[in-house]
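Structure, as structure tokens:
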Amino acid sequence: MTTTSTRTHPLQACATAITQALADVVDLDPTWLPVDTKADLLLDLHRAHEQLASLKARVVAASGDLAEDRGARSVASWLAVETRDEAASCAAEEKLAKTLDRKYPTLAAAWATGGVNRNQVTVIARALDELPRRLGAEVIAAAEAELVRLAGFHNPRDLRILGRRILDVVAPDIADDEERKRLEDEERHARAKTRLVFKPLGDGRTRIVADIPDAVAAIFKTALHAHTSPRLDHHREVADGLPRLDPDTGERIPHDQLLGLAFCALVEHIPTDKLPTQGRTPVKIVATIDHDKLRDDLGAAGLSTGDQISISQLRRLACEHSLLPAVLDGDGQVLDLGRSQRLFTGPQRIAMGLAHHQCQARGCTVPAAWCEARHKNPWVKGGTTDLADGALLCPWHHHRAHDDRYQQTWAPDGTVTFTRLRQ
């Protein structure tokens with residue numbers, strides 16, 4: 001009688017032994033372990049975890065036949081179903097496993113011994129993948145060995161930076177030229193991928209999603225910060241670093257909201273007379289409003305884009321060049337289309353700045369150059385575009401001037417005080 005014996009493969013025996021060892025300690029409480037023991041244990045477990053992850057990656061890379069046998073599109077898709085894991089996570093794991101198996105044996109070996117962790121492996125593999133193949137296998141292998149060595153001293157964030165300049169170490173003669181080529185390639189790629197999408201949310205907001213080149217983003221960010229700086233005092237930020245507070249709620253204004261407000265102000269002050277024309281007509285948003293509604297603060301103004309804004313918003317934006325108001329009579333005929341005398345001229349603004357070096361709101365220190373000209377008595381209600389009726393207000397106080405919740409009191413010295421009306 002013949003018997004057939006089956007030998008368990010050492011890899012399977014290893015997995016079984018690990019599973020059994022973990023089962024043996026599952027009920028043990030580590031709370032009362034000495035601190036030094038906990039430290040040693042955590043480091044041992046971390047190394048074991050990385051070694052086990054490396055072993056799993058090696059098996060994944062060698063399991064293409066498993067996917068075919070089980071009718072799965074890939075090992076990752078089969079594994080995601082069987083382990084109830086995220087498909088994207090399993091796919092990334094399989095991609096990394098195949099990359100190490102095909103291209104980076106030194107990195108794979110370091111992971112197998114626990115010398116590097118998964119996050120370091122991912123960063124190093126990406127840095128090596130970004131190196132142009134024209135450099136040759138010898139240079140790329142040198143870069144791989146050096147990054148593995150650096151992983152003994154640096155975290156993934158630092159390795160990401162070092163990886164971009166690794167040629168300075170392993171191939172200094174060509175590093176500068178390769179850096180130039182890499183940056184030019186990235187810039188071409190960034191321009192090809194540049195996108196901007198407007199998504200109206202239906203609640204008075206529009207979400208703008210943009211992918212733009214890094215250089216443009218840097219310029220844009222600098223412009224936002226510069227545009228925000230005049231408002232620091234008026235969000236109640238003081239020299240000792242107290243947070244900025246909303247004047248209405250007393251709550252701190254988050255930095256991302258401040259940048260959003262700065263973006264709005266920047267857009268509102270785009271000089272429309274410098275933009276390209278459409279059929280020789282300057283690009284301009286026109287706001288139509290019935291004369292009686294404008295006079296009585298009723299209803300809304302319709303924009304040429306199809307949107308609507310409040311009367312107070314219309315008046316504020318019309319103080320500068322942001323939009324062109326078209327005032328209609330009862331029959332819908334245009335009574336006025338933004339007469340040029342409605343807006344203060346450059347010389348008038350200079351004259352106002354000579355009389356008032358700062359925003360005319362009492363206690364405000366924003367320089368006149370950063371302020372906007374407006375009528376003390378609204379132009380639509382009979383105000384005149386002359387110096388006596390002109391005032392310079394910073395963007396923040398300009399909002400208050402068009403906010404019906406605030407009362408304005410003008411003093412003989414030309415300053416104005418805003419007082420919140422009680423509800």
Side-chain angles (χ1 to χ4, degrees), residues 6-26 41-131 133 137-157 159-160 162-163 166 170:
T6 58
R7 289 188 59 188
T8 302
H9 191 281
L11 289 177
Q12 190 173 12
C14 173
T16 301
I18 291 173
T19 302
Q20 183 58 54
L22 290 174
D24 292 341
V25 299
V26 69
L41 178 59
L42 284 174
L43 293 178
D44 288 342
L45 289 174
H46 173 79
R47 181 173 290 272
H49 172 78
E50 294 301 335
Q51 289 179 282
L52 189 58
S54 170
L55 175 57
K56 180 183 176 184
R58 288 164 52 202
V59 176
V60 166
S63 296
D65 55 344
L66 168 63
E68 183 178 356
D69 181 75
R70 301 302 163 89
R73 298 180 61 182
S74 64
V75 180
S77 61
W78 175 83
L79 199 58
V81 172
E82 294 297 323
T83 61
R84 298 164 299 283
D85 201 353
E86 292 285 350
S89 175
C90 292
E93 188 176 31
E94 181 180 16
K95 180 180 179 181
L96 179 62
K98 290 181 177 180
T99 296
L100 296 178
D101 181 63
R102 291 197 306 264
K103 298 192 288 187
Y104 307 128
T106 301
L107 180 58
W111 194 17
T113 60
V116 295
N117 59 56
R118 163 68 185 272
N119 292 329
Q120 290 176 312
V121 170
T122 301
V123 168
I124 293 174
R126 184 178 296 121
L128 295 172
D129 281 344
E130 290 175 354
L131 292 176
R133 299 299 103 174
E138 185 177 346
V139 172
I140 293 176
E144 179 185 2
E146 179 62 15
L147 286 172
V148 169
R149 185 189 72 81
L150 290 171
F153 309 96
H154 298 281
N155 60 32
R157 181 180 62 82
L159 284 174
R160 188 175 295 110
L162 293 168
I166 191 61
V170 300

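Starting from 1, each residue takes its place in the sequence as its number. Atom set for the values below is all heavy atoms of this structure, side chains included, hydrogens, waters and symmetry mates excluded. Nothing here was measured: the structure is a model prediction, and the numbers come from that model.
The shortest heavy-atom contact between Gly64 and Val75 is N-CG2, 4.1 Å. Across every non-hydrogen atom of Leu128 and Arg133, the tightest pair is O-NH2, 2.6 Å. Minimum interatomic distance between Ala67 and Ser74 (heavy atoms only, all atoms of both residues): CB-C, 3.6 Å. Across Ala61 and Ala97, no two heavy atoms sit closer than the pair CB-O, 3.7 Å.
With sequence neighbours excluded, the residues that form a salt bridge (Lys or Arg N to Asp or Glu O under 4.0 Å) with Glu93 are Lys56. Under the side-chain contact (heavy atoms from CB on, under 4.5 Å) criterion, Ala127 pairs with Leu147, sequence neighbours left out. Every residue meeting the side-chain contact (heavy atoms from CB on, under 4.5 Å) condition with Val59, not counting sequence neighbours, appears here in chain and number order: Leu55, Ser63. Residues that satisfy the salt bridge (Lys or Arg N to Asp or Glu O under 4.0 Å) test with Arg149, not counting sequence neighbours, are Glu146. With sequence neighbours excluded, no residue forms a side-chain contact (heavy atoms from CB on, under 4.5 Å) with Thr113. Applying the side chain to side chain donor-acceptor pair (under 3.5 Å) criterion to Gln120, with sequence neighbours excluded, gives Asn117.
Among pairs with a residue in residues 96-111, those fulfilling side-chain hydrogen bond (donor to acceptor under 3.5 Å, both in side chains) read Glu50-Trp111, Glu94-Lys98, Lys103-Asp129, Tyr104-Asp129, at least two apart in sequence or across chains. Screening residues 60-83 for salt bridge (Lys or Arg N to Asp or Glu O under 4.0 Å) gives no qualifying pairs among residues at least two apart or on separate chains. Pairs of residues two or more places apart, or lying in two chains, that qualify as side-chain hydrogen bond (donor to acceptor under 3.5 Å, both in side chains) and include a residue from residues 10-26 are Gln20-Asp24.
At least one side-chain heavy atom of Leu22 sits under 4.5 Å from a side-chain heavy atom of Ile18. The closest side-chain heavy-atom distance from Leu131 to Val139 is not below 4.5 Å.
In this structure, CG in Leu45 is found 11.5 Å from CG in Leu52, a value given to the nearest 0.5 Å. One finds the NE2 atom of His49 at 9.0 Å from the CZ atom of Arg118 (value rounded to the nearest 0.5 Å). Rounding to the nearest 0.5 Å gives a distance of 10.0 Å between CG of Leu162 and CZ of Arg157. Here Leu42 contributes atom CG and Arg47 contributes atom CZ; the two are 14.0 Å apart, rounded to the nearest 0.5 Å.
Under the side-chain contact (heavy atoms from CB on, under 4.5 Å) test applied with Pro156, the options Ile124, Val123, Thr122 reduce to a single match, Val123.
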